[in-house]
Amino acid sequence: MLNYTLRRLLFAIPTLLVISFIIFVILDLAPGDPTGQLPLTIPAEVRAQIRESLGVGEPIHIAYFKWLRGFFVYEPLYWLDQMGLTIGDPADRARIISYATRGPVFDLILERIPQTLWVVGLSYVFGILIALPIGVISAYKQYSWFDQLGTFISMVGFSVPTFFTGLLMIVIFSVQLGWFPSVYDTTLEVNSWESFIKQVKQMVMPVAVLALYNASQISRFMRASMLDNLTQDYVRTARAKGMSEKVVVLTHVLRNSLIPVVTVIALGVPTIFSGAIITEQIFRVNGLGQLLIIGIQGSDFPLVQTLTFIFAILIVLFNLIADVIYGILDPRIRYD
Amino acid sequence: MRKLKTLIMATAAASTFATAALAERGSDGNLNIAYWQAVSILNPYLSGGTKDIEASSLILDPLANYRPDGSMEPALATEIPTIENGGVSEDLKSITWKLRDDVVWSDGTPFTAADVVFSANYCLHPEGGCNAASNFADVESVEAVDDHTVKINFSVAKPFPYGPFVGATAPVIQEAQFKDCMGAKAPECTDANFGPIGTGPFVVDEFRANDVVTYKANENYRDPAQPAFATVVLKGGGDSASTTRSVLETGEFDYAWNVQVEPEVLAQMQAAGNGEIIAAFGTSVERLMVNLTNPDPALGDKRSTVEGGPHPFLSDKAVRQALSMAIDRDILVEVGYGPNGQVTCNVLPAPEIYASTANDACKTQDIEGANKLLDEAGWMPGPDGIREKDGVRLSILYQTSTNSVRQGTQALVKQMWQEIGVETELRNIDAGVFFGGDQSSPDTFQKFFADIEMYTNNFDGTDPEAYMGNWVCSEIPSPANQWIGNNMPRFCSEEYDALSKEMGKTASIEKRAELAKKMNDMLMQEYVMIPLIHRGRVSAKSNALGNVTLNPWDSELAFAEEWTRVE
Amino acid sequence: MTKHDQVLVKAQNVKVHFPIHKGIFRRQVGSVKAVDGLSFEIRKGETLGLVGESGCGKSTAGRAMLRLYELTEGQLDFEGVDIAKLNPKELRSVRPRMQMIFQDPQACLNPRMTVGSIIAEPLDEHTNLSTAEKREKVKGLLDAVGMNRDYVNRYPHEFSGGQRQRIGIARALALDPDFIVCDEPIAALDVSIQAQVVNLLQDIQERMGLTYLFISHDLSMVRHIADRVAVMYLGKIVELAEKRDLYKTPKHPYTQALLSAVPVPDPEIEAKREHIVLKGDVPSPANPPKGCNFCTRCPIAIERCRTEEPELRELKKGQFVACHLAE
């Protein structure tokens with residue numbers, strides 16, 4: 001397993017390099033101008049000067065090389081500096097700079113991670129916690145009223161877009177009832193009971209919207225996987241052995257059914273980091289998804305390039321993790 | 001120590017600011033502002049859009065600001081330099097600003113003329129990519145005469161020398177903080193760009209790029225009674241509807257910037273009663289351009305040029321006037337613009353001193369008058385109801401860019417013209433093509449291969465000289481100048497050109513206003529342009545926020561130090 | 001044959017019907033009569049073979065014998081106790097005494113459990129053995145089925161089909177049952193392995209005094225292992241007899257057809273033999289024909305067969321046939 005993991009990691013390096021280059025070329029070909037959001041009264045020659053100062057229009061191989069060097073050399077060195085391990089000259093750290101903020105892209109990203117993890121990550125956790133029991137019960141009591149209700153709710157959660165459920169929640173809970181804030185305060189520091197309550201309140205709606213969406217997906221997987229396993233002979237064997245239903249369902253069926261579900265869950269983890277663009281936008285959570293959208297809208301190529309590449313790394317990584325987990329959970333699979 | 005200093009300053013300032021000193025600094029708690037575009041940077045010279053400039057206007061001050069009525073008010077200067085007070089030289093080639101000597105930066109160090117000189121050099125640096133470069137156009141040098149006097153020299157005569165350091169786009173930054181950030185190094189100074197030290201009413205507390213800015217009151221602000229708010233949160237993101245909702249419906253925010261919500265949705269939000277919509281009108285006017293030359297395709301290369309000859313029927317002033325009279329501008333506003341628009345009869349509708357009242361008759365639709373005018377001019381309805389004379393039918397090709405509001409307006413205008421016996425064919429062209437300068441495309445607004453075209457134009461700042469210069473003879477687009485030029489109607493009048501030239505030599509505001517009005521009236525009364533809608537800036541404000549006037553000439557937040565909490 | 005006198009399992013008119021739901025509201029529109037009135041006895045120590053085409057309901061019957069399916073109707077006595085009426089708790093206390101060996105040795109073993117834990121699991125549930133005793137017992141069982149006792153920590157997928165079936169057998173034996181339903185235990189195995197497994201089953205039966213219900217579609221294998229044989233067709237038993245009687249003098253036309261299809265290992269005889277070829281398909285158990293279930297394909301069917309359902313009657317001692325025409 002270790003060999004396999006190492007081999008996969010090694011193979012991931014050329015894959016990721018190719019991905020980064022493809023992203024770079026696509027962004028280079030994409031129309032867009034970082035000065036596009038400036039007021040129309042700013043004349044063309046001033047815009048040209050601004051573009052030049054940003055380094056827009058450099059030959060693609062030079063721009064790509066600079067970016068690569070920034071990502072793989074200067075950024076790691078910079079973080080080592082921060083940890084007190086200085087290699088080379090700390091003044092010479094050409095970090096990747098965003099067009100729009102003129103600040104290092106990585107600082108922007110780090111600033112976004114807490115709210116993204118809190119809101120999107122927590123909604124994923126809640127989604128899973130809700131989905132698993134629903135999936136298990138739905139499958140065990142297939143076609144019961146509980147199953148029908150679960151099916152209905154997951155259809156709703158799956159098919160109704162989050163911008164609609166989000167807006168509906170704002171209208172009901174913020175406008176009508178005034179229970180929860182419609183705008184997420186990213187600067188809130190949790191250091192007292194009161195601020196904790198505030199944090200919980202502002203998280204309720206975005207987390208609920210996303211959790212519903214996640215839960216409806218995962219509960220379907222769970223249900224399908226349970227149904228697959230419930231009809232297997234080994235379940236009958238377990239019953240024939242005289243095991244109680246609890247043992248049959250929880251030990252035999254659930255544990256086997258979880259294998260594909262865990263894989264699906266692991267593969268879904270990168271989507272937490274890429275944020276929930278729409279939901280973040282609605283509740284103004286301003287996490288990584290919103291950062292990406294702003295970058296795209298403002299043609300902030302260094303930001304978009306870096307973010308998409310980080311997502312690519314996460315996707316490759318979690319694919320590997322999913323495979324490894326699969327191997328651990330399912331003794332039939334051996335990678336060596 | 002600081003308290004003592006504040007106290008002394010307060011006593012000193014009390015006499016000069018007797019009226020303003022009603023409230024106490026920081027007594028009104030927190031102010032919540034929502035921008036649907038998030039702020040990316042707080043250095044306005046490197047900003048990517050209006051939102052950044054406005055967010056930094058809470059921190060940085062220019063020498064003078066524009067008031068909502070378009071007049072200038074000194075901020076860091078003691079007065080506005082003019083020829084009368086000797087601040088502007090007779091040859092119009094230099095301007096001398098006297099700076100206040102009681103201003104300190106938010107870090108407590110004194111503000112001097114050196115900072116102003118530095119700011120100019122910062123923006124003028126060729127590698128800096130400064131986006132306010134056009135404010136500093138023609139600036140030859142900036143010198144500190146003494147610690148509190150700055151002289152700006154221009155390479156040409158500048159009758160309106162208020163580009164540098166007037167308005168939020170070109171404020172003064174601190175030399176001490178930015179001295180290592182010149183030119184190519186500008187983007188490297190992240191700390192300075194994210195937290196400039198200023199002389200404005202607020203200082204940055206925390207800045208999360210593309211998300212939120214929190215400010216607190218500047219303890220060293222020059223007016224001891226201001227700002228009334230102790231802290232400000234400027235939250236970015238979402239969309240216009242959601243930020244507006246957070247003011248009008250949920251009441252979580254006090255102010256929402258740039259409302260772009262359909263009129264009926266807005267009315268619904270307003271019904272909640274938490275706040276109101278405020279609008280301010282700058283210089284944007286949606287207008288019809290009338291082609292005075294012949295766009296007949298048969299003319300080939302001479303199509304829509306002066307050489308091609310006059311337009312078969314639009315060269316008749318009576319027809320042009322009738323077209324204007326037949327339009328009900330109220331309906332156009334109501335259907336397409338709501339609070340974002342108002343009826344106008346001028347292409348130069350603002351600032352107030354420039355706005356003519358001579359053409360206000362157009363505000364009411366007059367079908368009867370228009371019909372009468374056409375009858376008298378000999379344009380008689382043919383068998384199909386379309387007027388004609390000497391075999392020329394009043395049949396118009398009316399083009400504009402693709403945009404749902406514009407197409408709605410087109411349809412309404414077509415109906416109105418039908419009532420006076422004018423036939424209209426509508427056409428819309430993708431905005432990228434229409435406004436793009438592609439020489440090979442026949443569909444650009446400069447080529448104007450149509451009878452009437454519609455779009456919006458405006459000008460930056462409050463000075464209309466360059467804008468009114470758009471309609472001199474030499475600005476007529478033609479193949480000879482690669483169709484570059486702003487005189488779409490191909491209007492040419494010696495008298496107008498003379499007025500324009502005179503304005504370039506006149507420094508007195510009153511006289512300039514007179515000239516501009518005259519030029520505007522000339523264009524209006526010749527009906528070479530038919531103004532339709534004065535388009536405005538709209539924001540939403542909570543009922544609990546007082547002393548807010550939307551400012552179309554400067555940052556919306558330029559006078560946020562005057563805002564107060566009302567119960 | 002005195003050892004076969006005591007009745008262990010007695011089925012009386014056992015029916016297992018599966019409801020069919022259709023439409024938006026999933027109303028019951030009918031039922032699949034998988035098992036439709038079985039009555040037979042299994043005596044202690046004997047092997048009753050249950051044969052029939054696939055889909056005739058023999059597997060359902062086998063599972064019903066252990067009440068792995070709820071009976072729709074009927075009585076099922078195990079040592080005189082009607083297990084069809086037991087509540088789940090009582091049923092679980094009876095479970096150790098009746099076990100099952102499944103057709104697919106791969107599917108019936110939980111893929112995520114080691115061989116040791118698969119075999120030991122019922123011991124946890126039903127006995128109070130210590131861990132060490134359990135381990136010994138598991139090893140003993142592996143010995144009993146001819147497997148290496150070191151295999152306890154391996155997973156099922158690491159074994160071949162025949163080995164897995166041995167594990168399945170060991171598992172079934174763990175609680176010292178009296179009665180084992182063998183549901184086509186060799187159908188999924190290679191021919192070379194089949195004989196080994198059948199011999200193992202016979203071996204164990206002798207050693208432990210087990211009673212088997214041996215379900216198979218392979219008539220020659222049943223002939224080898226069974227004492228008595230029941231033939232099923234469309235949810236019903238059509239003929240039940242001592243092995244010798246059934247193979248020598250089959251009375252039911254269906255049995256005759258089945259036996260005629262079994263090849264004889266002598267090409268000359270085989271060439272001369274008369275094959276009875278049945279026409280048509282097996283009718284749907286959801287909608288069985290009126291009268292005799294077999295009448296649609298019976299070569300000798302008469303009018304009576306299409307209206308009147310034949311009773312299972314004892315034609316001669318120990319040979320029961322459900323045919324109007326059998327003599």
Can you check whether [X] reaches [Y] side chain to side chain, under 4.5 Å on heavy atoms?
{"X": "B:Y162", "Y": "B:T462", "result": "no"}
{"X": "A:I109", "Y": "A:L307", "result": "yes"}
{"X": "A:I113", "Y": "A:L288", "result": "yes"}
{"X": "B:N43", "Y": "B:F178", "result": "yes"}
{"X": "B:L31", "Y": "B:Y215", "result": "no"}
{"X": "B:K235", "Y": "B:S246", "result": "no"}
{"X": "B:D254", "Y": "B:I33", "result": "no"}

In terms of heavy-atom pairs under 4.5 Å, which option from [options] contacts chain A the most?
{"options": "B:D211, B:T250, B:T190, B:T243", "answer": "B:D211"}
{"options": "B:R208, B:E249, B:R245", "answer": "B:R208"}
{"options": "B:A272, B:A137, B:G236", "answer": "B:G236"}

[options]: which one forms the most heavy-atom pairs within less than 4.5 Å of chain B?
{"options": "A:G178, A:S182, A:G103", "result": "A:S182"}
{"options": "A:I97, A:I170, A:V183", "result": "A:V183"}
{"options": "A:R95, A:R112, A:R102, A:E111", "result": "A:R102"}

**Study point:** B:Q177: side chain to side chain contact (heavy atoms under 4.5 Å, CB included) partners, not counting sequence neighbours
**Key:**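 With sequence neighbours excluded, B:Q177 shows a side chain to side chain contact (heavy atoms under 4.5 Å, CB included) to B:Q174, B:A192, B:P196, B:I197, given in chain and number order.
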Proximal component of [X], with respect to chain A [non-hydrogen, under 4.5 Å]:
{"X": "B:C130", "value": "backbone"}
{"X": "B:T214", "value": "side chain"}
{"X": "B:N193", "value": "side chain"}
{"X": "B:T169", "value": "neither"}
{"X": "B:E127", "value": "backbone"}
{"X": "B:Y45", "value": "neither"}

Point to revise | Part of A:I293 lying under 4.5 Å from any heavy atom of chain B | key: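 Contact with chain B involves no heavy atom of A:I293 at all.
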Point to revise | Check: B:S240 main-chain N/O paired with B:N258 side-chain donor or acceptor under 3.5 Å | key: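 No, because the side chain of B:N258 does not come within donor-acceptor range (under 3.5 Å) of the backbone of B:S240.
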